[in-house]
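Have a look at the structure below before the remarks.
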Number of protein chains: 4
Amino acid sequence: MRKKEGNKETAIIEAAVRVFAENGYHQSKISKIAEVAGVATGSVYLYYKSKEDIVLKIFDLVWMKLSKELQQVVQRTDMDPGTKLDSIIDILFDSFTVNPALAIVFVNEQNQLLQQEKGNVVKFYKGFLDLAEEILREGVEKGIFNTNIDIRLFRDFVTGGLRALLHEWARRPEEYPLNRIRQNIKYIAKNGILIHHT
Amino acid sequence: MRKKEGNKETAIIEAAVRVFAENGYHQSKISKIAEVAGVATGSVYLYYKSKEDIVLKIFDLVWMKLSKELQQVVQRTDMDPGTKLDSIIDILFDSFTVNPALAIVFVNEQNQLLQQEKGNVVKFYKGFLDLAEEILREGVEKGIFNTNIDIRLFRDFVTGGLRALLHEWARRPEEYPLNRIRQNIKYIAKNGILIHHT
Amino acid sequence: MRKKEGNKETAIIEAAVRVFAENGYHQSKISKIAEVAGVATGSVYLYYKSKEDIVLKIFDLVWMKLSKELQQVVQRTDMDPGTKLDSIIDILFDSFTVNPALAIVFVNEQNQLLQQEKGNVVKFYKGFLDLAEEILREGVEKGIFNTNIDIRLFRDFVTGGLRALLHEWARRPEEYPLNRIRQNIKYIAKNGILIHHT
Amino acid sequence: MRKKEGNKETAIIEAAVRVFAENGYHQSKISKIAEVAGVATGSVYLYYKSKEDIVLKIFDLVWMKLSKELQQVVQRTDMDPGTKLDSIIDILFDSFTVNPALAIVFVNEQNQLLQQEKGNVVKFYKGFLDLAEEILREGVEKGIFNTNIDIRLFRDFVTGGLRALLHEWARRPEEYPLNRIRQNIKYIAKNGILIHHT
DNA sequence: GATGAATGAGTGTTCATTCAT
DNA sequence: TATGAATGAACACTCATTCAT
């Protein structure tokens, strides 16, 4: 009977994303989320156990989708590590184009959740890092990536850089065309900024 | 004459850094900060106007020190842009070696403050971004840096990457020797990860 | 439809009047008001913005009722100033017979509010004084009241006297039958205490 | 050694009067009183046990002086009740001419203290009322005052009226010349406002 | 005595969560 | 399910009072 999507469960999540993005998790009131969702305050608790449950659900949804898609890329044998890196970046940004606010929440609240080890965030995040590492390792082994770099470190660096761009783009999408971001990141990741005089 | 080390103003800031680092700003109670500082709850308010005032003071201190040192580097005419980039990275990490917890607060709470435009954080941060941009532009003009990259974007990417590493390092300093971080970042920033077959 | 007597908004105001009357505004805790109102502490804030908002609301209610009734009396052309003075006194006391505690709050806290110029108290009070003055002036012009008295001064004197009686009566209603108060005030106001040997 | 009166005990009382007059007892901070008195916060407690102790001391001083002078007037046998009433009024106003702020405190805070039965205020006040009553009774017995009035009530009314005038005068002394107040009160008290057509 | 930094009990206010309807 | 009024625990902040110097 919950065909279409006048669905309140979804409406609440979407409202929460908007409100969290604007004010941050702690500054956001459940009553405000309910209002934005067009629902009574109490109704929020019909679908979610608590405020925390809402953020965790948001992260679950994001990570679920991301990890599934990422997994598929990594497992492909017909792609070289460089192309895979490209794909990861594409997947990441494509996931948020429909909802930039989601990117803001994703970037702003993740650290908090990781640190408190709440929900599945840690698990998902570690999985993501592992994937990235795997690709990098594969590339190094195949002699495509530079052996001089510390994989773990590089992984963190790139991840952080992506987060920052995701955030900036989400805050001012018109100033940060996705295409340009993609191209640049890929270029930087592969070439750095120094001009190579051969 | 009784300023130096029995200094409560400093003790409170230091306690706040520790508590904020561990629990995040919003989860941190003033009473806990006071306890850690070895001071009565009310004493906190002898030195700081409010809880917010404390974070802002922390950021002021960090940024004041950082911006002064960064300024000096940027203004030097005897350094090429590449070396300057190295120096920025050094300054950044050196600033936090004495107090990794400070890095955690710095990384975790800055976005909130930026978004709410509280205190001087926006001003300082913009100044920092400008500096980074200036160096990059200088590098591009001198034909040292790649002209294919979008300076603004690169700036954000590197900044984000640095933040991530700062955070990781601060959480597990023993696993992330500073030297290795430094070398890798510099290497990555300049060369990317792709092996260049000339 | 569930407004009438289960009304918490009213219950809180009434509780506040009782508590303020007993302890004074500053000694009164919101939690105590809530308790007396048979309501949770937080519920107070569903109906009133703050503690101050409550007193101001109390004064608004009192003055609103008073000023409306007083206005009607003053505007009547079929009453001589002496009778009007009588009516004012009647209105004043009648307003509080249902709730003597209200008179105590009214008398005790008004000065504070006047001095801090909070809410509409100043406006209402000035209006009241103006009305009283108008009647007195009318009486003097018609040759009914003594021209030797300073109207402004008399106004303050009578007002103060009334306040004092209101207060005494409210504290021990049984010892101060309203009828006696009324008769005496009117008598005094008109005749003073000196026996006039004609 | 405490000859002159660089006396801190006095300075504190005087400061307290000023501060209480301006902000009211509860809004007044000990630290502010100390500051105005040109004394350290802690020093206040060398002379007074508590904040309450200070107001009580103020009232003690006022009432001590008043009651002594009033007593003398009442006991005189060479004065008729009417003249005695005049004298009471004079004594009252003269007591505050040197320090109008004291009148404000006296008027504003007395009710609070009476209600809580703190210190000697109740005792003093009752004594004062008794005195006034005595004079009135004497006047009635001697056939000078009107027998139609309730002495107790009249006493409260006049007292209240005086308080109001005292307050108004203290707030804007230039607009309320003492002479005029005195004359009017006396006139009103004795004659009321109605013109007596004999 | 004098100081003013330090204390910590006390309270107004918020807001996640519950629950009667 | 849905509501939104009601709850009450939690916490930032104040300020009378203390006390080491």
Side-chain angles (χ1 to χ4, degrees), chain A residues 1-2 8-9 12 25-35 37-54, chain B residues 1-3 6-9 12 26-35 37-54, chain C residues 1-2 6-9 11-12 26-35 37-54, chain D residues 1-2 8-9 12 25-35 37-54:
Chain A
M1 201 54 85
R2 45 136 171 80
K8 298 198 178 182
E9 191 171 347
I12 291 165
Y25 175 73
H26 286 102
Q27 272 81 12
S28 300
K29 304 186 218 172
I30 291 286
S31 60
K32 179 69 181 170
I33 293 173
E35 183 200 319
V39 149
T41 303
S43 300
V44 172
Y45 289 85
L46 293 175
Y47 301 96
Y48 303 97
K49 215 171 80 269
S50 66
K51 189 180 172 183
E52 188 181 282
D53 194 35
I54 300 176
Chain B
M1 200 56 84
R2 50 162 164 57
K3 278 181 192 166
N7 198 294
K8 303 205 173 177
E9 190 170 349
I12 291 165
H26 285 102
Q27 272 80 10
S28 301
K29 302 187 235 172
I30 290 286
S31 59
K32 180 67 182 171
I33 293 173
E35 184 198 318
V39 148
T41 301
S43 299
V44 172
Y45 292 88
L46 290 176
Y47 301 97
Y48 304 96
K49 222 172 73 271
S50 65
K51 190 179 169 184
E52 188 180 286
D53 194 36
I54 300 176
Chain C
M1 202 55 86
R2 48 160 165 58
N7 197 293
K8 302 203 175 179
E9 190 170 349
I12 291 164
H26 286 102
Q27 272 80 10
S28 301
K29 303 187 237 174
I30 290 285
S31 59
K32 180 67 182 173
I33 293 174
E35 184 198 317
V39 149
T41 302
S43 299
V44 172
Y45 291 87
L46 290 175
Y47 301 97
Y48 304 96
K49 221 171 75 273
S50 64
K51 189 179 171 185
E52 188 181 287
D53 193 35
I54 300 176
Chain D
M1 202 56 85
R2 47 135 173 78
K8 298 199 177 181
E9 190 171 346
I12 292 166
Y25 175 73
H26 285 102
Q27 272 80 9
S28 301
K29 304 187 218 172
I30 291 285
S31 59
K32 179 69 181 170
I33 293 173
E35 183 199 318
V39 149
T41 303
S43 298
V44 172
Y45 289 85
L46 292 174
Y47 301 96
Y48 303 96
K49 216 170 80 271
S50 66
K51 189 180 171 183
E52 188 180 283
D53 194 34
I54 299 176

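In what follows, chains are A, B, ... by sequence order, proteins preceding strands, each numbered from 1.
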- Can any side-chain N or O of B:Lys32 pair as donor or acceptor with the backbone N or O of B:Gln27 at less than 3.5 Å? no
- Message: Looking at D:Lys8, I'd like to know whether one of its side-chain N or O atoms comes within less than 4.0 Å of OP1 or OP2 on E:dT3.
- Response: yes
- Residues B:Ile12 and B:Ser43: closest non-hydrogen pair is CD1-O, 4.1 Å
- pair D:Val44-D:Ile54: side-chain heavy atoms closer than 4.5 Å: yes
- Message: Does D:Tyr48 reach a base, just sugar-phosphate, or nothing at all? Heavy atoms under 4.0 Å.
- Response: nothing
- Note on the structure: Any stem touching DNA chain F, meaning at least three consecutive Watson-Crick or G-U pairs under 3.5 Å, ordered by first number, would be E:2-21 with F:2-21
- Message: Between P on E:dT11 and CD1 on C:Ile33, what's the gap in Å once rounded to a whole number?
- Response: 12 Å
- Task: Using ring-ring contact (aromatic ring centres under 6.0 Å, His included) as the criterion, list what pairs up with A:Tyr45, not counting sequence neighbours.
- Result: none
- Donor-acceptor under 3.5 Å (B:Lys51 side chain, B:Ser28 main chain): yes
- Heavy-atom closest pair (C:Ala11 atom, C:Ala37 atom, distance to 0.1 Å) is O-CB, 3.7 Å
- Query: Nearest heavy-atom pair of D:Tyr48 and D:Glu9: which atoms, and what distance?
  - Reply: OH-O, 2.8 Å
- Task: Hey, could you give me the CD1/OG distance between A:Ile30 and A:Ser50, rounded to the nearest 0.5 Å?
- Result: 8.0 Å
- Query: So what does C:Val39 hit on the nucleic acid, given a heavy-atom distance under 4.0 Å: a base, only sugar-phosphate, or nothing?
  - Reply: sugar-phosphate
- Message: Distance check needed: E:dG4 C1' versus B:Tyr47 OH, whole Å only.
- Response: 10 Å
- Starting at CD of A:Glu35 and ending at C1' of E:dC15, how long is that distance when rounded to a whole Å? 15 Å
- Item | Nucleotide-resolved protein contact map, nucleotides 12-20 of chain F, B/S/- at heavy-atom distance under 4.0 Å | SBBSSBB--
- Query: Between atom CD1 in D:Ile12 and atom P in E:dT3, what is the gap in whole Å?
  - Reply: 9 Å
